[in-house]
Number of protein chains: 2
Amino acid sequence: MSIKALAQHLNISIGTVSRALNGRADVNPETRKRVLAAAEALGYVPNQSGRSLRQGTTNVIGFTIETNIETKSQGDTFFMSVFDGVQTVFARHQLDLVVLPCSSEDDPFDHVRRVVSRQFVDGLFISATQRVDPRIDFLIERGIPFVTLGRSQSGGEHSWIDMDFEGVAAGAVARLVARGHRRIALANTASGINLSYIFEDSYRRALAEHGIDYDPDIVMRGEITERGGYAICDRLLALPDRPTAVVLVNESLAIGIYRRLHDAGLMPGRDMAIIGLRQSPQARFLSPTLTCHRLSLHDVGVELAQSLLATMPAYRDHYPQGVTQKIWPMELVPGESDPPLGG
Amino acid sequence: MSIKALAQHLNISIGTVSRALNGRADVNPETRKRVLAAAEALGYVPNQSGRSLRQGTTNVIGFTIETNIETKSQGDTFFMSVFDGVQTVFARHQLDLVVLPCSSEDDPFDHVRRVVSRQFVDGLFISATQRVDPRIDFLIERGIPFVTLGRSQSGGEHSWIDMDFEGVAAGAVARLVARGHRRIALANTASGINLSYIFEDSYRRALAEHGIDYDPDIVMRGEITERGGYAICDRLLALPDRPTAVVLVNESLAIGIYRRLHDAGLMPGRDMAIIGLRQSPQARFLSPTLTCHRLSLHDVGVELAQSLLATMPAYRDHYPQGVTQKIWPMELVPGESDPPLGG
DNA sequence: CGTTGCACCGCAAACGTTTACGGTGCGATG
DNA sequence: CATCGCACCGTAAACGTTTGCGGTGCAACG
C-alpha cells in the first residue's frame, strides 16, 4: 500500500495525495477529505524509509542504555519510568522513542558511532556518562542533537540533566552529623561513571565543613548491587574503628547491607545508620525503612524530552530554551534507618 | 558522505562501490581493497533509509515492552538480561535490536500496529502476552516474523517461548504438601496476562492431585509489586483460617509479604511458608532467603533470537527449525522460606 | 585471425516519499 | 472582452541505495 497505489485509486496525482496527508494549504478541502478517508480505508501508512530518505529526518529518537551489571543495578524500574516520561512528550510531536541497548560485549562508544552514522535517529539520549566520555565529543562534532542523563567533564557545551548528588551527599552528611555521627562511611561505585566523583567530592567537602577528617579507609567502592552492598558492609564491619553510619550512592546497596548486618546479629539503623539514594519500591519495603530521597523519574523523562527538543531546530518554536543544564533536586524522605546515635 | 561521493573520489561507478562493499563476487579484488580502504578512511557508512527503501528490509528487529506498572514489576534487570542474550546472537548477523517501549498512555495493540505499518522493523518480539492477544493475529495476518515471550490462546501457529509456570506451580504445591502444608494460598496477578491463567490452573490441578479442596478465598489477585505483596499478605492474615503457605507468581511480591509478616511480628518461613518464582538479585537477598527458581534470562534471550531468525526466510539456512514453541524449565533453588510445617 | 568465454565494470531503473515549479481553469477586474 | 490573480493540481526531480543488464577488454581457443 504505497502512496502511488493510493493515488491511482483516487485518480489523482501522487503529489496531491502527499500534500493532502501532510496538511499543506494548497489543496482543496474536499479532496483532502477524500484522501484522508481513502487512506484510512485502505490502511495506508507512509513508508518510513521513503520519507526519511527524502527529508533527511527519521522522527525517531534513540535512547542508549547499557545492559551491563552497573546499569542493571539501577535495577527495578528506573529506566521504564524515564521512558514513560519521555514518551508523554514525544507523543505530542509524532516522535518515536527507540531504546538502543548496548550489549555487554560491545563498546559504548562504538555503539553510539554505529547508531549515528547509520543515520538511524534524529536525536539521542545517552546515559551512564563517564567522567571523560568520548561519546559526547563525537556527538557534538557530528552535530546531532542529544541530551545526556548525567554530567560529564567532556568537551563542549551540551544539554544534560543530572540528579543532585552533591545535595544528597552534603545533606546526608549534615543530617548524620546532626544526629551525633562523626565516623561516616561512604559506599560508592567503582566504575568510572562521573557521578561517583561528584558524590565523593561532595562527601569530602561536607565532612570538612563539619570539621571531620577524611579517612580513605571508610570510603568504599564496589559493585552497586545487592551483592556489592553485602561486600562493602563486610569490609566496614571488619574495620578496627567501625563507622557508625554510611551514605549510599545507590539504594540497591542497602539491601545487601541490611542482610550483612542481620547476618552479624546487628540491626540496621540502631547499629549502623544508613542513608540511601533514591526511594525505589524495594527501598520502601526494607525494614526498618530506609531513609532516602524522593525523585520522580517520570518527570525526569519529561524534562529530558523537552530538553532534547529544545536543541533541535525543528522544534525551536515550541521549546525555545536552547541548551540547558539541570540538576534535579532530590528531597529527603526520612526513614527508620538513621536514628540519632545512641538514641 | 554518500556512496556517490565515495565513488567519484575513487573515480569508479556507484554500482561498483556498492558491489565491493557488499562482498559480491564480480569485482576485482584489487578495486575492492581500494574501496574498502577509502570507505574506512572517509568514514563512509551506508545510509539506512536508502538501503531499506531499495531492498525492503531494515535489518532492525524490534522488542516491544510496556512501561506500565505490571511490567515494571519485572524490573529493568529482567529485560536487560534478555536483551543482552538477544544481542549476542544478532551481532553475528549484523542485525540491530531496538526496544520499543509502549507508554502507559498508549494501547499495546495500536503500538504494534504503528510499528509494523511504518515498516520499521523486519521482525518483532512481543512480551506480556494476553490470554487473547490481538497483536498476535495482526502479526500473523501481516506476515511479519515474530516471537512472543509468553504463550497466548490467540490465533494461529506461531513461535513462542515461555517459562514453565505449570512446573513451578505444581512443583511448589507438591513440595509444600510434602512438608506438611495443606492450606496453600496463591498470590497471582490481577492482569489479563496469560500466565496468570496458566499459573492458577496448574495450582488447582496440583491441589486436586493431592486431594486438597480448592478454596477461592485463598487465591489472591493483585498488583505484582512489593506493595501488592503487602496487600495480599494483609488479606491472608485477616482470614479466619489462615493459610500456612503461599506460592507466588512473582518474586517482587515476596518483599511485600516479608514486610507485612514482620509488621505483624511474624517470621517468613516459620509462620508462613513462601515459594517465589524467579531467583532475582533482590530475592537472593531476602532474609530468610527465598525459595525460588533458577532461570538464565540471558539464555532466554539467546533462544528468543534464534527462534525469531528461524521464522525469517533470509536466515533459514542458518536456523532451519522453523516455528518453535518452547517452555523454559525452571529449577527450584531451595531457600529458608519454606521449612517443614511445625519444624 | 575470428570467435567465444570470462572477469570486471558502468548504466540506469527502481524503491516511496516530498516539494519546487509550472500549468490549468475560473472568477474578478478594468 | 482581455487581463490578472488565485486556488488547485500535475510533473518531475531528488534523497541513497541495490541490482539486472549490457558493454568493454582480454585471454584462450579452434
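Every chain is numbered from 1 and lettered A, B, ... according to where its sequence line falls, protein lines coming before strand lines.
- A search for side-chain hydrogen bond (donor to acceptor under 3.5 Å, both in side chains) contacts involving S13(B) returns T16(B), not counting sequence neighbours.
- With sequence neighbours left out, the side chain to side chain contact (heavy atoms under 4.5 Å, CB included) criterion links D110(A) to D106(A), D107(A), R113(A).
- Residue-level contact check: T31(A) touches the backbone only, with heavy atoms under 4.0 Å from sugar-phosphate atoms and none from bases.
- Between chain B and DNA chain D, the heavy-atom contact criterion of under 4.0 Å yields a 5' to 3' nucleotide range of dG16(D) to dG20(D).
- In this structure, the helix from dC1(C)-dG30(D) to dG30(C)-dC1(D) shows an angle of 70° between the axis at its start and the axis at its end, each fitted on 5 base pairs and rounded to 10°.
- The 5' end of DNA chain C is approached more closely, in terms of each residue's nearest nucleotide, by N28(B) than by the other of N28(B) and Q119(B).
- For residues 144-157 of chain B, every residue pair satisfying the salt bridge (charged side-chain N to carboxylate O under 4.0 Å, His left out) rule, not counting sequence neighbours, is listed here: R151(B)-D162(B), R151(B)-E166(B).
- In this structure, Q119(A) contributes its side chain and Q48(B) its backbone to no donor-acceptor pair below 3.5 Å.
- N47(B) places its CG atom 16 Å from the P atom of dT17(C), with the value rounded to the nearest Å.
- Applying the salt bridge (charged side-chain N to carboxylate O under 4.0 Å, His left out) test to residues at least two apart or on different chains, none of the pairs has a partner in residues 26-44 of chain B.
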Can you give one letter per nucleotide of nucleotides 18-28 of chain C, going 5' to 3': B for a protein heavy atom under 4.0 Å from the base, S for sugar-phosphate only, - for none? BBB--------
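- In terms of the side-chain hydrogen bond (donor to acceptor under 3.5 Å, both in side chains) criterion, residue partners of S104(A) (sequence neighbours excluded) are, by chain and number, D84(B).
- Among the atoms of the strands shown, none is found under 4.0 Å from any heavy atom of V17(B).
- The side chain to side chain contact (heavy atoms under 4.5 Å, CB included) test applied to L53(B) returns N47(A), S49(A), L53(A), not counting sequence neighbours.
- With sequence neighbours excluded, the residues forming a side chain to side chain contact (heavy atoms under 4.5 Å, CB included) with L297(B) are F78(B), S81(B), V82(B), R278(B), L295(B), listed by chain and number.
- Evaluation of the salt bridge (charged side-chain N to carboxylate O under 4.0 Å, His left out) test over residues 126-135 of chain B, restricted to residues two or more places apart or in two chains, returns E66(B)-R135(B), D133(B)-R135(B).
- Partners of R316(A) under the side chain to side chain contact (heavy atoms under 4.5 Å, CB included) rule, at least two apart in sequence or in another chain, are P313(A).
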